[in-house]
Amino acid sequence: MATALQAVRGMNDVLPDEAPLWQRFEDTARRVFEQYGYRNLRVPLVEPTPLYVRSIGEHTDVVEKEMYTFADRLNGDSLTLRPEATAGIVRAAIEHSLTYERPQRVWTAGPMFRHERPQKGRYRQFHQFDVEALGFPGPDVDAEQIVMLARLWRALGLTGIALSINSIGDADERRAHRAALIEYFEAHNNALDEDAKRRLHANPLRILDSKNPAMQAIVEGAPRLVDRLGAASRAHFDELRALLDEAGVRYTVNPRLVRGLDYYNRTVFEWVTDALGAQGTVAGGGRYDGLFAELGGKPTPACGFAIGVERMVLLLEAQAKRDASAADAYVVHAGATAAPTARRAAEALRDHGANVVVHAGAGNFRAQMKKADASGARFAIIVGDDEAAAGTVAIKPLREGGEQVAVPVADLAARFAALQSR
Ligand code: HAM
């Protein structure tokens, strides 16, 4: 019998049982993008290799070691399977003078190819939903894209995806910072690992991304670009933050956030979940005001991001499993007087339609909190003697971070409903 052939390592089939979650994500994303005026655009899966070398950058991991590059045997051209969509979209925009009359909001979706070591959430053929705003100087558009992503997570019912933002400044600021970094790392040369030494002159920014624990102290002490931004970049970043605050989107500023592709300036952002292990970044993007000119077009400010669809599907799968079994709240209580208050709190929540499990049997707070966590419930309701005496309970989010809040039992149902709809 002939041996059966298998798919290429890191390239997956999506079987009919798995497809519904993919379709749910795709339909929801398309709908949300349309709500913000983004229109579909489709570009080839294969482009001339120099497009990626010039845009993504010669000294990035993607270009150095992850691209599927091959010679077209019929004419000798060097071609590359697209590792991402932004470069192709900018090429198409230049080629068709797309932004000649007005700026454009566009999105595209499909497979991308990177020769990485496959693991959960990381594949050699993977899929992105990619969004680009072409011809907008921002920061209103930067904020709009982030707010749009927050809406998408809500529409999908996904919680626990945290936003990090940073500004990496403009080209001049980056050059000055790069020189300062090289000087700093050269002064600490004997503390650098091999990878860092190799990158020192080619791409010192990537050293900041080092996962090597032995390098962390050096990285922590490195000069920070966010402290050296010029007035225009600083104003752009401040305005972005004000717009996110106004929209009620929570974020942390991570001055160490750098992206793996070279074309970015000013705004960069990533959305990360801790539910997927090491491959927790579900979406990433930022501004790339220099890329059009870099690729031979007229200078055109732009901003965009891409979502990793496989990672979305993994999150939706986990959510579906949790939803099938989890209660909305798990009530933990310890102390002689706490139990009646715990039962009263649970009944009040059930009156409002919530599914609530009250801890039964023995166990101190710590042990009960572990049970609450393992139950998959989204919130713990915590009742101790002190709380019971004061007629209050505490609500603690278990999935998405956020502060524990104390509320009077009488207000519990209303406050709980407000937290649930967040
Ligand atoms: P990126 O951060 O390289 O950005 O990729 C975006 C997302 O694609 C990642 O956050 C991740 O979810 C997913 N992803 C990347 N590599 C893999 C992989 N090997 N397996 C599975 N998922 C993966 C870009 O590609 C930029 N073009 C985004 C952008 C658009 N910036 C401006 N406009």
Side-chain angles (χ1 to χ4, degrees), residues 29 32-34 36-44 47 50-57 60 62-63 82-110 112 128-149 152 165-174 229-230 232-233 235-237 239-241 243-244 257-271 283-307:
V32 171
F33 297 166
E34 267 168 22
Y36 287 78
Y38 285 82
R39 299 187 302 151
N40 189 214
L41 170 148
R42 302 176 188 216
V43 288
E47 297 273 4
L51 174 68
Y52 299 117
V53 179
R54 270 162 70 182
S55 55
I56 295 171
T60 56
V62 173
V63 169
R82 65 179 185 194
E84 59 107 52
T86 310
I89 289 179
V90 171
R91 182 214 33 80
I94 296 170
E95 197 168 324
H96 304 286
S97 305
L98 266 193
T99 56
Y100 181 69
E101 283 189 344
R102 68 186 78 87
Q104 298 276 350
R105 288 179 172 84
V106 296
W107 67 271
T108 203
M112 312 290 157
Q128 285 184 346
F129 263 58
D130 181 281
V131 169
E132 313 289 355
L134 310 173
F136 297 89
D140 49 355
V141 153
D142 317 24
E144 176 189 273
Q145 292 186 342
I146 291 172
V147 170
M148 179 167 86
L149 278 168
L152 176 59
I165 63 172
N166 189 23
S167 174
I168 58 167
D170 284 332
D172 294 350
E173 293 147 20
R174 282 148 62 72
L229 295 179
S233 295
H236 191 110
F237 194 46
E239 177 67 14
L240 169 66
R241 295 179 57 176
L243 289 167
L244 294 179
L257 178 64
V258 288
R259 308 250 314 122
L261 316 166
D262 274 359
Y263 46 63
Y264 294 106
N265 70 309
R266 297 197 180 176
T267 309
V268 290
F269 62 87
E270 286 187 350
W271 290 86
R287 181 155 281 286
Y288 51 94
D289 297 329
L291 186 55
F292 273 73
E294 192 68 40
L295 295 178
K298 187 169 145 285
T300 306
C303 183
F305 65 82
I307 307 171

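If you read the sequence from its start, that first residue is 1, and numbering goes on from there.
- Scanning all heavy atoms of the two residues, the minimum distance from V43 to G88 falls at CG1-O, 3.8 Å.
- Separating the CD atom in E294 from the CZ atom in R54 is a distance of 7.0 Å, to the nearest 0.5 Å.
- The shortest side-chain heavy-atom distance between I307 and L149 falls under the 4.5 Å cut-off.
- When atom types are taken as modelled, the side chain of E132 and the backbone of L134 share no donor-acceptor pair closer than 3.5 angstrom.
- Closest non-hydrogen pair, P83 versus M112, comes out as O-CB, 3.7 Å.
- Side chain of T300 to backbone of G135: no donor-acceptor contact under 3.5 angstrom is found.
- With sequence neighbours excluded, the residues forming a side chain to side chain donor-acceptor pair (under 3.5 Å) with N265 are D170, D289, listed by chain and number.
- Within the model, atoms CG of D130 and CD1 of I89 stand 4.5 Å from one another, a figure rounded to the nearest 0.5 Å.
- Counting heavy atoms from C-beta outward, F237 and I165 have side chains that approach closer than 4.5 Å.
- E34 is linked by a salt bridge (charged side-chain N to carboxylate O under 4.0 Å, His left out) to R31, counting only residues two or more places apart in sequence or in another chain.
- Pairing each heavy atom of Y52 with each of E47, the nearest pair is OH-CG, 3.1 Å.
- Annotation: ring-ring contact (aromatic ring centres under 6.0 Å, His included) contacts of F129 (sequence neighbours excluded): F25, W107.
- Every residue two or more places apart in sequence or in another chain that forms a salt bridge (charged side-chain N to carboxylate O under 4.0 Å, His left out) with R259 is listed here: E270.
- Distance check: S233 OG to D172 CG gives 9.0 Å after rounding to the nearest 0.5 Å.
- Minimum heavy-atom separation, Y36 to V32: CD1-O, 3.2 Å.
- Every residue two or more places apart in sequence or in another chain that forms a side-chain contact (heavy atoms from CB on, under 4.5 Å) with I94 is listed here: V90, F292, L295.
- With sequence neighbours excluded, no residue forms a side chain to side chain donor-acceptor pair (under 3.5 Å) with D140.
- In terms of heavy atoms, Y264 sits closest to I168 at O-CD1, 3.5 Å.
- A search for salt bridge (charged side-chain N to carboxylate O under 4.0 Å, His left out) contacts involving R105 returns E144, not counting sequence neighbours.
- Looking at residues two or more places apart in sequence or on another chain, you find a side-chain contact (heavy atoms from CB on, under 4.5 Å) between V258 and L205, D209.
- T267 meets the side-chain contact (heavy atoms from CB on, under 4.5 Å) test with D142, H236, L240, F269, R287; sequence neighbours excluded.
- The ring-ring contact (aromatic ring centres under 6.0 Å, His included) search around Y263 returns Y288, not counting sequence neighbours.
- With sequence neighbours left out, the side chain to side chain donor-acceptor pair (under 3.5 Å) criterion links Q145 to Y38.
- A 4.5 Å side-chain heavy-atom check between V62 and E84 finds every atom pair outside the cut-off.
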Mind listing the side-chain donor-acceptor pairs of residues 95-102 below 3.5 Å, one per line with the distance, residues two or more places apart or on another chain?
from	atom 1	to	atom 2	distance (Å)
E95	OE1	R91	NH1	2.8

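- The minimum heavy-atom distance between D262 and R174, with the atom names listed, is O-NH2, 3.6 Å.
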